[in-house]
*Asks:* 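Structure in structure tokens, see below.
As the structure is a prediction and not an experimental result, all values here were calculated from the model. Lettering follows sequence order; numbering is per chain, from 1.
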2 protein chains.
Amino acid sequence: MSLQYAILIALTEGPRSGYDIAKLFDQSVGFFWRARHSQIYRELGKLKDKAWAVAKEIVQSDKPNRIEFSITEAGREALMQWSRQPTEPQELKDDFLVQLYGIEAIDLDALRANLLARQERHRDLHAQYQAKYKLLENSDILGDIGRRLALEVALIYEREWGDWCTRALDQLSPEALGSQNNVIPIEQEKRA
Amino acid sequence: MSLQYAILIALTEGPRSGYDIAKLFDQSVGFFWRARHSQIYRELGKLKDKAWAVAKEIVQSDKPNRIEFSITEAGREALMQWSRQPTEPQELKDDFLVQLYGIEAIDLDALRANLLARQERHRDLHAQYQAKYKLLENSDILGDIGRRLALEVALIYEREWGDWCTRALDQLSPEALGSQNNVIPIEQEKRA
DNA sequence: GCGTTCATGTAACCTGTTACATGATTCT
DNA sequence: AGAATCATGTAACAGGTTACATGAACGC
């Protein structure tokens, strides 16, 4: 259901085509709810069926035609109703943490490599969000306050994951673990 | 796929029935990967088909019989292989943040109520994780280090969300927003 | 000639949720 | 008598991903 509302939110900024929304979902709103174009077209169809949005074909000569969707009054009302229901926070769900939990049964070296890769990823994303955040600083328009708060979550999320990776790498380093290194010798692995 | 591995991790601690795993998934490993019993039974069937686990019926006189699953050598090997592949970090996906992003189109009062409810939830969960964490403190067994690090993520996650809720409530309070309060008067709503 | 961007869609599949279904024992 | 715990499963559906499919225009 939520994707439909996320699309409606995108439509409150003006008419958008499926293609537009797909691109938008790679930035802005999409930081908090991602979707592939295949799914977006599917959901746009449902929005049309419910009359929460209306479609209009825009004829273009230089590019392929586009089908623009606009939010209707019923759509706005649906958004309002949606916001009045309690939302469920996203729960932690990460196979990496599952691996950590079962650390004795997995390859420690691979885990370390994974940690390193993640650390880099989180730092990259943090920088990305920070750039977006800077653009909203010092504004006190309601919309900007909201978007800033949302981005703040993203910033903290990446920052804390990044920092945690550093600590984890430290605690799981061969030096810190001493003799408890469970890495399977290469010779044994080659036989398997 | 990941659920199968999460189940295998649970089985590394010893033979477990579907029922056991379902309960386990409400604590420990399940903090990082949740599943309903219906899904667990389905995945256990697949593990059996792949010979990553074997089933054995335990006859009980006082309680209904149980079917215990044990991890096989092939299962352990599958876990190893799995841990050698890069994992994708969980991306932020939260309809609440979508609402914040489209704050102009939603009911601010409802959003505030939602924030308050979430704040409480995060504090509760934080306390819960903290209790679990305490039990692992000061141990330097590899397994405990892993579980501690995993729990640390959960702790930080809840703490930061909780703190953020406080700041958000502050910034979105009627006093802070002044005239920008977009709440729809009750009279108008009653007509709709 | 080749890749990219623009633009829209369908089909098959996988994962996860909700609800249905059954039945014994133990506790209050 | 009724609720909770133990214990196993199936069926239908919802949400999301991957791959398939098509085709024009533009820059290198």
Side-chain angles (χ1 to χ4, degrees), chain A residues 1-8 10 15-27 29-30 32-50 53 55-69 82 87-95 98, chain B residues 1-8 10 15-27 29-30 32-50 53 55-69 82 87-95 98:
Chain A
M1 250 344 262
S2 285
L3 178 56
Q4 281 174 45
Y5 295 108
I7 291 174
L8 283 180
R16 297 270 185 276
S17 71
Y19 188 80
D20 291 337
I21 294 168
K23 276 198 307 174
L24 210 70
F25 270 46
D26 289 332
Q27 322 146 10
V29 210
F32 316 114
W33 205 277
R34 273 152 299 274
R36 317 268 161 188
H37 74 273
S38 59
Q39 209 190 345
I40 288 166
Y41 285 116
R42 191 162 59 185
E43 297 305 320
L44 277 172
K46 291 184 194 165
L47 288 179
K48 210 173 96 180
D49 291 346
K50 285 195 247 185
K56 190 183 158 193
E57 185 157 10
I58 308 289
V59 182
Q60 292 180 132
S61 47
D62 49 335
K63 297 174 202 169
N65 292 352
R66 23 190 290 124
I67 298 164
E68 267 187 359
F69 289 84
W82 172 61
T87 64
E88 287 303 301
Q90 184 196 31
E91 285 176 318
L92 263 187
K93 193 167 205 185
D94 200 309
D95 40 16
V98 174
Chain B
M1 249 347 261
S2 287
L3 178 56
Q4 281 174 44
Y5 295 109
I7 291 174
L8 282 181
R16 297 270 184 276
S17 70
Y19 189 81
D20 290 338
I21 294 169
K23 274 198 308 172
L24 211 70
F25 270 47
D26 289 333
Q27 323 147 8
V29 212
F32 316 114
W33 206 278
R34 274 152 298 275
R36 319 267 160 189
H37 75 272
S38 59
Q39 210 189 345
I40 288 167
Y41 286 114
R42 191 162 59 184
E43 297 305 319
L44 277 172
K46 291 184 195 166
L47 288 179
K48 212 173 95 182
D49 291 345
K50 286 196 250 189
K56 189 184 159 192
E57 185 156 12
I58 309 289
V59 181
Q60 293 181 130
S61 48
D62 50 335
K63 296 175 201 171
N65 292 352
R66 22 189 290 122
I67 298 165
E68 268 187 358
F69 290 85
W82 171 61
T87 63
E88 289 302 304
Q90 185 195 32
E91 286 177 315
L92 265 185
K93 195 167 202 183
D94 199 312
D95 42 16
V98 173

*Asks:* Counting side-chain heavy atoms from CB outward, which of dA7(C), dT8(D), dG16(C) is closest to Tyr41(A)?
*Replies:* dA7(C)
*Asks:* Rounded to whole angstroms, how far apart are CG on Asn65(A) and P on dA25(D)?
*Replies:*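 Roughly 11 Å, once rounded to whole Å.
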*Asks:* Starting from P on dG15(D), measure out to CG on Asp95(B) and report it in whole angstrom.
*Replies:* 12 Å
*Asks:* Is any side-chain N or O of Gln60(A) closer than 4.0 Å to OP1 or OP2 of dA7(C)?
*Replies:* yes
*Asks:* Can you tell me the distance, in whole Å, between the CZ atom of Arg16(A) and the P atom of dT8(C)?
*Replies:* 13 Å
*Asks:* When rounded to the nearest 0.5 angstrom, what distance separates CD in Glu57(B) from CD in Glu68(B)?
*Replies:*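 If I round to the nearest 0.5 Å, the distance is 11.0 Å.
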*Asks:* Reading DNA chain D from 5' onward, which residue's closest nucleotide shows up sooner: Asp20(B) or Arg34(A)?
*Replies:*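 First, find each residue's nearest nucleotide; the 5'-ward one identifies Asp20(B).
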*Asks:* Looking at Asp49(A) and Lys46(A), would you say the former's side chain and the latter's main chain have a donor-acceptor pair under 3.5 Å?
*Replies:* no
*Asks:* Atom OH in Tyr5(A), atom CG in Asp95(B): separation rounded to 0.5 Å?
*Replies:* 10.5 Å
*Asks:* Is it the case that dG16(D) (base atoms only) and Arg42(A) (side chain only) share a donor and an acceptor within less than 3.5 Å, ignoring hydrogens and angles?
*Replies:*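 Checked by distance alone, the answer is yes.
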*Asks:* Looking at every non-hydrogen atom in both residues, tell me the closest pair between Leu3(A) and Ala35(A) and how far apart they are.
*Replies:*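 The pair with the smallest heavy-atom distance is CD1-CB, 3.8 Å.
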*Asks:* Rounded to the nearest angstrom, tell me the gap between atom CD in Gln4(B) and atom C1' in dC14(C).
*Replies:*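 In whole Å, dC14(C) C1' lies 11 Å from Gln4(B) CD.
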*Asks:* Please list, for nucleotides 18-26 of chain C, all pairs of protein and nucleotide N/O atoms separated by less than 3.5 Å.
*Replies:*
unit_1  : atom_1 : unit_2   : atom_2 : d
dT18(C) : O4     : Ser38(B) : OG     : 2.9

*Asks:* Rounded to the nearest angstrom, tell me the gap between atom NZ in Lys93(A) and atom C1' in dT17(C).
*Replies:*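 Value for this atom pair: 10 Å.
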*Asks:* Keeping the roles fixed (side chain from Glu43(A), backbone from Ser2(A)), state whether a donor-acceptor pair exists under 3.5 Å.
*Replies:* no
*Asks:* In whole Å, I'd like the distance from the CD1 atom of Ile67(A) to the C1' atom of dA7(C).
*Replies:* 9 Å
*Asks:* Is it true that, when you exclude Lys93(A) itself, more than 12 heavy atoms of the residues, nucleotides or ligands shown sit nearer than 6.0 Å to its NZ?
*Replies:* yes
*Asks:* Measure the angle between the two terminal helix axes of the helix from dG1(C)-dC28(D) to dT28(C)-dA1(D), five base pairs each, and quote it to 10°.
*Replies:*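 Inter-axis angle at the ends, rounded: 30°.
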*Asks:* Could you tell me the separation between the CZ atom of Phe69(A) and the C1' atom of dG9(C), rounded to a whole number of Å?
*Replies:* 11 Å
*Asks:* Give me the atom names and distance for the closest heavy-atom approach of Ser17(B) to Arg66(B).
*Replies:*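 Heavy atoms of Ser17(B) and Arg66(B) come nearest at OG-NH1, 3.4 Å.
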*Asks:* Nearest-Å distance, CE (Met1(A)) to P (dA14(D))?
*Replies:* 11 Å
*Asks:* Do side-chain atoms of Gln39(A) reach the backbone of Arg34(A) as a donor and acceptor pair under 3.5 angstrom?
*Replies:*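 The answer is no, because no donor-acceptor pair under 3.5 Å joins these two groups.
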*Asks:* Does OP1 or OP2 of dT8(C) have a side-chain N or O of Tyr19(A) closer than 4.0 Å?
*Replies:* no
*Asks:* Where the side chain of Leu3(B) is defined as all heavy atoms beyond and including C-beta, which of dT8(C), dT8(D), dG16(C) is the nearest nucleotide?
*Replies:* dG16(C)
*Asks:* Does the side chain of Ile21(B) reach to within under 4.5 Å of the side chain of Leu44(B), using non-hydrogen atoms?
*Replies:* yes
